[in-house]
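The chains referred to below are lettered A, B, ... by the order of the sequence lines, with proteins before strands, and numbering in each begins at 1. Note that the structure is a prediction, hence the values are computed from the model and not measured.
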Amino acid sequence: MEAAAGGGCGSGPPLLLSEGEQQCYSELFARCAAAGAAGGGPGSGPPEAARAVPSAATAAAGPVADLFRASQLPAETLHQITELCGAKRVGYFGPTQFYIALKLIAAAQSGLPVRIESIKCELPLPRFLMSKTDAEIRFGNPTELHGTKVQIPYLITEKNTFKRMDDEDKQETQSPTMSPLASPPSSPPHYQRVPLSHAYGKLRSNTEQMHPAPYEARQPLVQPEGPSSGAPGTKPPRHQASLIRSFSVEREPQDNNSNYPDEPWRITEEQREYYVNQFRSLQPDPSSFISGSVAKNFFTKSKLSIPELSYIWELSDADCDGALTLPEFCAAFHLIVARKNGYPLPEGLPPTLQTEYLQAAFPKPKRECALFDSYSESMPANQQPRDLNRMEKLSVKDMADFPVPTQDVTSDDKQGLKSTVDEALPKDVSEDPATKSGLLPPPPALPPRPCPSQISHLRVNSKRSAQRRPPTQLPNYGDFRLQKQSEQAPEAEIHPQLNRAPSQAAESSPAKKDIPYSQPPSKPIRRKFRPENPATENQDTSTAVGGPATAAAVKPHAAVQKQSSKQKKAIQTAIRKNKEANAVLARLNSELQQQLKEVHQERIALENQLEQLRPVTVL
Amino acid sequence: MNYPLYIRSAPTENELKFHYMVHTSLDVVDEKISAMGKALVDQRELYLGLLYPTEDYKVYGYVTNSKVKFVMVVDSSNTALRDNEIRSMFRKLHNSYTDVMCNPFYNPGDRIQSRAFDSMVTSMMIQVC
């Protein structure tokens with residue numbers, strides 16, 4: 001059973017484990033196998049038990065699933081891992097599959113993409129957090145039958161996970177045996193961890209519309225009632241589990257740090273500022289409101305689905321007047337950001353998001369809104385170096401950084417804020433890209449696509465913002481525009497995003513850099529390298545929009561100021577180009593319209609002729 | 001075009017029968033509103049009253065100024081329901097409907113998926129049944 005130290009089954013790359021890993025993995029494997037064998041016996045004899053028992057060299061699916069869940073990776077990751085390691089293919093978790101899976105878990109936890117290649121690197125040991133004491137706290141006495149029965153609804157999902165029957169009895173005796181795996185962390189995070197499996201299971205097995213009912217159970221808010229609601233509450237939430245993504249890893253630090261029940265719904269000071277600035281961008285007077293259509297356009301950019309946006313609106317527009325005041329807007333924005341980070345939407349507006357609370361908690365800031373330019377424009381610049389180094393999936397992880405008032409994020413933010421305010425230019429850019437963009441030659445300072453209402457500010461403040469753009473690190477404030485861009489940067493060939501670009505371009509003023517995006521996908525790639533390479537500006541005249549992609553020799557951390565002035569020139573060139581392109585297209589359009597009219601008239605004439613010539617049909 | 005923006009029945013067995021009744025009653029509603037003629041649109045009351053009684057059920061109608069029709073089917077055995085209450089129920093429905101319309105993400109003509117609306121209807125139905 002412990003034999004598979006180095007060899008794959010021939011289906012994957014050779015698996016090299018260090019000694020420590022070998023030890024750890026074999027221990028885990030033994031546990032899973034033991035638990036499986038133990039659980040298969042007294043179980044009511046479902047097929048999977050029969051499969052698991054005969055061969056001691058396989059780990060039973062039940063404990064393995066528990067283990068994987070304890071790794072706190074999101075459901076899709078676990079899914080991928082399961083597939084990659086080959087367990088699905090062979091139908092069981094043999095030692096090879098198990099070790100590969102553990103290695104992948106370690107990789108995923110370290111932030112690497114889930115690929116076979118990842119396991120070739122040296123990785124730390126995977127981390128699992130589950131404890132017997134925890135299970136006891138939650139469910140009373142797990143060894144008693146009725147106690148463990150309570151866990152069944154939660155554990156149902158691992159059935160779904162491995163495409164097995166929804167048999168509730170198997171898991172009874174297995175979960176308590178998972179205890180020795182790791183240090184016993186505090187109970188609250190795990191109470192939340194368990195309902196995650198709901199979402200995971202339901203994610204796979206149904207397509208119910210999002211229902212936030214279980215959310216209440218999940219919130220730390222309900223911690224005191226947690227154990228009690230765990231029992232009766234499990235069944236209904238099971239049927240009503242929403243289709244959300246499972247929580248990202250970052251939630252754990254949040255849980256440990258927060259003492260407030262509704263922490264995710266609390267708006268921090270920086271978030272508040274950001275929201276206010278965004279509000280101002282849509283509506284200059286902070287004491288007035290944003291009309292419905294304006295807000296709709298704005299929030300639609302977040303790429304959430306319309307029903308979700310509709311629901312968010314319903315929650316946040318307290319007076320149902322079709323317009324959002326500043327507190328309502330902040331609440332809506334906050335909900336959107338939270339939703340993008342994977343939090344299910346609440347049933348009702350949380351108290352910390354209500355109008356009165358927001359008005360009382362945060363007096364309306366009177367700060368000059370020049371900052372918002374730098375927010376919207378510098379964030380993509382700094383976001384890109386970070387995001388380019390991660391896969392698209394993990395860019396969501398970036399977003400997850402935001403609502404969590406953890407140390408790391410806030411320190412980043414404070415740093416960014418400070419630098420913005422002090423206008424200390426080169427410092428952060430040199431640090432940030434240097435630390436984060438070591439791998440790729442990123443185009444960190446791509447002039448972003450500002451939202452339509454900011455284009456005027458772009459022009460006005462282009463000088464100022466060009467300078468401010470690099471250093472500000474206000475990241476991931478759910479600035480969905482930024483995410484769009486950052487997603488585009490690494491994956492500019494994804495058409496849907498580009499298609500959205502033209503639609504955005506259509507609704508904005510002509511002098512926008514969006515128009516280049518409506519051109520063939522390859523262009524944006526070239527485009528993004530443009531600002532870095534001053535030489536390519538001359539080549540701009542030859543190519544429609546972007547310079548050639550040869551600008552890989554980017555030195556983002558050198559001469560930032562020069563860069564920003566180059567960027568300004570680049571922007572202006574781009575603006576000019578876009579105007580020209582626009583004019584050409586407009587002319588073309590009018591010509592085509594003319595042709596269309598003529599053809600129409602011809603058609604009408606022909607139809608008349610036909611009518612006259614047609615013999616009169618009698619009766 | 002008469003398609004339902006929202007339909008709900010309790011209890012849920014035999015739902016189809018209620019759907020059918022609602023649909024046929026739309027004709028009656030149309031009759032009533034066209035009977036008034038164009039000039040009287042302003043004077044026309046929104047609440048149409050009892051549309052037609054069958055042996056088991058009573059059907060009430062209400063139409064908004066934008067020609068959105070509300071139809072309510074109640075059990076005949078429920079004699080406690082008076083006209084006032086029906087009126088107030090329709091008024092609540094109308095108010096909730098305008099709240100739904102205020103949502104910029106709602107396209108008129110879509111099915112209504114607002115949770116507030118749902119909960120309002122549920123509470124009303126519970127109250128009556």
With only heavy atoms counted, which part of B:Asp110 is less than 4.5 Å from chain A, the side chain, the backbone, both or neither?
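Nothing of B:Asp110, per the 4.5 Å heavy-atom cut-off to chain A.
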
What pair of heavy atoms forms the shortest contact from [X] to [Y], and how long is it?
{"X": "A:Glu314", "Y": "B:Arg115", "result": "OE2-N, 3.2 Å"}
{"X": "B:Pro104", "Y": "A:Ser293", "result": "CB-N, 4.4 Å"}
{"X": "A:Cys320", "Y": "B:Cys102", "result": "O-SG, 3.4 Å"}

Crowding at CZ, A:Phe289 (>12 non-hydrogen neighbours, <6.0 Å)
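Check fails, neighbour count at 12 or below.
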
Does atom NE2 of B:His23 have more than 12 heavy-atom neighbours from other groups under 6.0 Å away?
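No.
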
Answer whether the closest heavy-atom distance between the side chains of B:Tyr106 and A:Trp313 falls below 4.5 Å.
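B:Tyr106 vs A:Trp313: side chains apart.
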
Spatial distance of atom CD1 (A:Ile306) from atom CZ (B:Phe105) [nearest 0.5 Å]
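With rounding to 0.5 Å, CD1 (A:Ile306) is 6.5 Å from CZ (B:Phe105).
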
Roughly how far apart are B:Asn103 CG and A:Ile312 CD1, rounded to 0.5 Å?
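If I round to the nearest 0.5 Å, the distance is 10.5 Å.
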
Output a table of donor-acceptor pairs, distance under 3.5 Å, between side-chain atoms of residues 121-129 of chain B and any protein atom two or more places apart or on a different chain; print 'none' if there are none.
residue  : atom : partner  : partner atom : Å
B:Thr122 : OG1  : B:Arg8   : NH2          : 2.4
B:Thr122 : OG1  : B:Asp118 : O            : 2.6
B:Ser123 : OG   : B:Ser119 : O            : 3.3
B:Ser123 : OG   : B:Met120 : O            : 2.7

